[in-house]
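The analysis underlying the following values was restricted to heavy atoms, covering all of them including side chains, and did not include hydrogens, waters or symmetry mates. Proteins come first, then strands; the chains are lettered A, B, ... in the order of their sequence lines, and each starts at number 1.
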2 protein chains.
Amino acid sequence: MVETTHSDERGAICLSQPCIHPAAIRAVNAAMPEFGRLAELADFYKLFGDPTRLRILAALGIAELCVCDLGVLLAMKQPAVSHQLRVLKQARIVRARREGKVVYYALKDEHIRHVLRVGLAHLGEQPEAGEGG
Amino acid sequence: MVETTHSDERGAICLSQPCIHPAAIRAVNAAMPEFGRLAELADFYKLFGDPTRLRILAALGIAELCVCDLGVLLAMKQPAVSHQLRVLKQARIVRARREGKVVYYALKDEHIRHVLRVGLAHLGEQPEAGEGG
DNA sequence: TGATCATATGAACATATTTTCAATCGATTC
DNA sequence: GAATCGATTGAAAATATGTTCATATGATCA
């Protein structure tokens, strides 16, 4: 039976705070990925959460490009592009290939393209964005 | 023929900046989703890019919960949880249901769960995170 | 070797985000 | 209708993030 008061017989989770559904909380705690894993996942999604980075990824999803090309394509200064590419490279979602003076960037693997597709699919299914009240 | 100088015969894209691969730039411009669409998509991913919000989503992916439960579960103050829930609700990825004094939150649809799964799958496939140099 | 091109890096600045505290709103109960 | 409980809102403070400018690196070519 699910108690509806704020006392939890196990006491480990609810501490001194009120807690309306202790059983639900225990269930979620048991099934939810651990904190560290979710923190990693948040960091991963964060990469896609910036317009500049996302446009870089979308562009690299179509063709291998050099830093200069990306700067022109996104109408951004080269250092700005380079900074973001460094972030993406460290996160291992793009790879760099040097050819003389020019460095070519590309998506690391097909998986990244898949993530982009899933997101775009979500937008496509949305009725229309707006207030949720 | 692909010119390697910084002049683009169409002139619209490369402006005055140097531009190494005009043909590639034109190709990407033609195939890439438009700016506004990518900005929307970035906003969508941004929701998943914060540990607090992601944990809220992960929890709601398992059970419907009230604000108070989430506060306990994430060890956070109620207003902090409430603020993030508002963001998620406005983005239409969670829904709220009031029952007396208590407001229950849940994922809006199955699609959100799918997005979470895809992300976790990516982490699973990763060799190990670290420097990309 | 010196000049030049493409890229990378560092520090500073500007901007966003998130959390907190305090106060308010809504609904129930006495 | 006053008190209480859960949830929301607003403003302020603390952090984090992204872009810019100036400069350094690495590679090519004269």
Trainee: Can you find a pair of side-chain heavy atoms, one from B:Asp43 and one from B:Lys46, that are under 4.5 Å apart?
Mentor: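 Yes, their side chains come closer than 4.5 Å.
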Trainee: Using atom CG of A:Leu85 as one end and atom C1' of C:dT7 as the other, report the distance to the nearest whole Å.
Mentor: 10 Å
Trainee: Tell me the interatomic distance from B:Arg95, atom CZ, to D:dA7, atom P, rounded to whole angstroms.
Mentor: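 Going from B:Arg95 (CZ) to D:dA7 (P), I get 16 Å.
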Trainee: Test of understanding: with side chain to side chain contact (heavy atoms under 4.5 Å, CB included), list the residues that count as partners of B:His114, not counting sequence neighbours.
Mentor: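 A:Val118, B:Arg117, B:Val118.
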Trainee: Between atom CG in B:Leu74 and atom P in C:dT18, what is the gap in whole Å?
Mentor: 14 Å
Trainee: Taking the side chain as everything from C-beta on, heavy atoms only, tell me whether B:Lys89 gets closer than 4.5 Å to B:Arg86.
Mentor: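 With C-beta onward as the side chain, the pair stays apart.
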Trainee: How long is the straight-line distance from CZ of B:Arg55 back to CG of B:Leu60, given to the nearest 0.5 Å?
Mentor: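 Nearest 0.5 Å value for the CG-CZ distance: 12.5 Å.
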Trainee: Name all residues meeting the side chain to side chain donor-acceptor pair (under 3.5 Å) criterion together with B:His83; count only those two or more places apart in sequence or in a different chain, and write none if there are none.
Mentor: none
Trainee: To the nearest angstrom, how far is A:Arg97 atom CZ from C:dA6 atom P?
Mentor: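 About 16 Å, once rounded to whole Å.
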Trainee: To the nearest 0.5 Å, how far apart are CZ in B:Arg95 and CZ in B:Arg97?
Mentor: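 Between atom CZ of B:Arg95 and atom CZ of B:Arg97 there are 7.0 Å.
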Trainee: For nucleotides 25-30 of chain C, give me one character per nucleotide, 5' to 3': B if any protein heavy atom sits under 4.0 Å from the base, S if the only such contacts are to the sugar-phosphate, - if neither.
Mentor: -BBS--
Trainee: Roughly, in whole Å, what's the span from CD in A:Gln78 to P in C:dT4?
Mentor: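 These atoms are roughly 17 Å apart.
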Trainee: In terms of side-chain heavy atoms of B:Cys66, which of C:dT7, D:dA7, C:dA8 is nearest?
Mentor: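 The answer is D:dA7.
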Trainee: Looking at D:dT19, C:dA8, D:dT9, which one has an atom nearest to any side-chain atom of B:Arg86?
Mentor: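 Nearest to the side-chain atoms of B:Arg86, counting from C-beta on, is D:dT9.
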Trainee: Which whole-number value in Å describes the distance from B:Lys77 NZ to D:dG10 P?
Mentor: 21 Å
Trainee: To the nearest 0.5 Å, what is the distance between CD1 (B:Ile56) and CG (A:Leu38)?
Mentor: 11.5 Å
Trainee: Do the side-chain N or O atoms of A:Gln84 get closer than 4.0 angstrom to the phosphate oxygens (OP1, OP2) of D:dT19?
Mentor: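 Looking at the OP1 and OP2 atoms of D:dT19, one of them is under 4.0 Å from a side-chain N or O of A:Gln84.
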Trainee: For residues B:Tyr45 and A:Arg53, determine if any side-chain heavy atom of one lies less than 4.5 Å from a side-chain heavy atom of the other.
Mentor: no
Trainee: Are B:Ile62 and A:Met32 close enough that some pair of their side-chain heavy atoms sits under 4.5 Å apart?
Mentor: yes
Trainee: Please confirm whether the shortest side-chain N or O distance from B:Tyr105 to OP1 or OP2 of D:dT8 is below 4.0 Å.
Mentor: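 Yes, such a contact exists.
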Trainee: Whole Å only: how far is the CD atom of B:Gln90 from the C1' atom of D:dT9?
Mentor: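 Those two atoms, CD and C1', are 12 Å apart.
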Trainee: Are A:Val72 and B:Ile20 packed together at the side-chain level, in the sense that at least one heavy-atom pair is separated by less than 4.5 angstrom?
Mentor: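 No - every pair of side-chain heavy atoms lies 4.5 Å or more apart.
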Trainee: Each nucleotide N or O in nucleotides 10-15 of chain C that has a protein N or O under 3.5 Å away: list the pair and distance.
Mentor:
unit_1: C:dG10; atom_1: O6; unit_2: A:His83; atom_2: NE2; d: 3.0

Trainee: Identify whether any heavy atom of A:Tyr104 sits under 4.0 Å from a base atom; if not, whether one sits that close to sugar-phosphate; answer base, sugar-phosphate or nothing.
Mentor: nothing
Trainee: Rounded to the nearest angstrom, tell me the gap between atom CG in B:Leu88 and atom C1' in C:dT17.
Mentor: 14 Å
Trainee: Knowing that exactly one of A:Thr52, A:Val115, A:Asp50, A:Ile93 qualifies, which makes a side-chain contact (heavy atoms from CB on, under 4.5 Å) with A:Leu57?
Mentor: A:Ile93
Trainee: Looking at residues at least two apart in the chain, or sitting in another chain, which of them share a ring pair (Phe, Tyr, Trp, His ring centres under 6.0 Å) with A:Tyr105?
Mentor: none
Trainee: Hey, can you pull the residues of residues 41-52 of chain B with a non-hydrogen atom under 4.0 angstrom from DNA chain C?
Mentor: B:Lys46, B:Asp50, B:Thr52
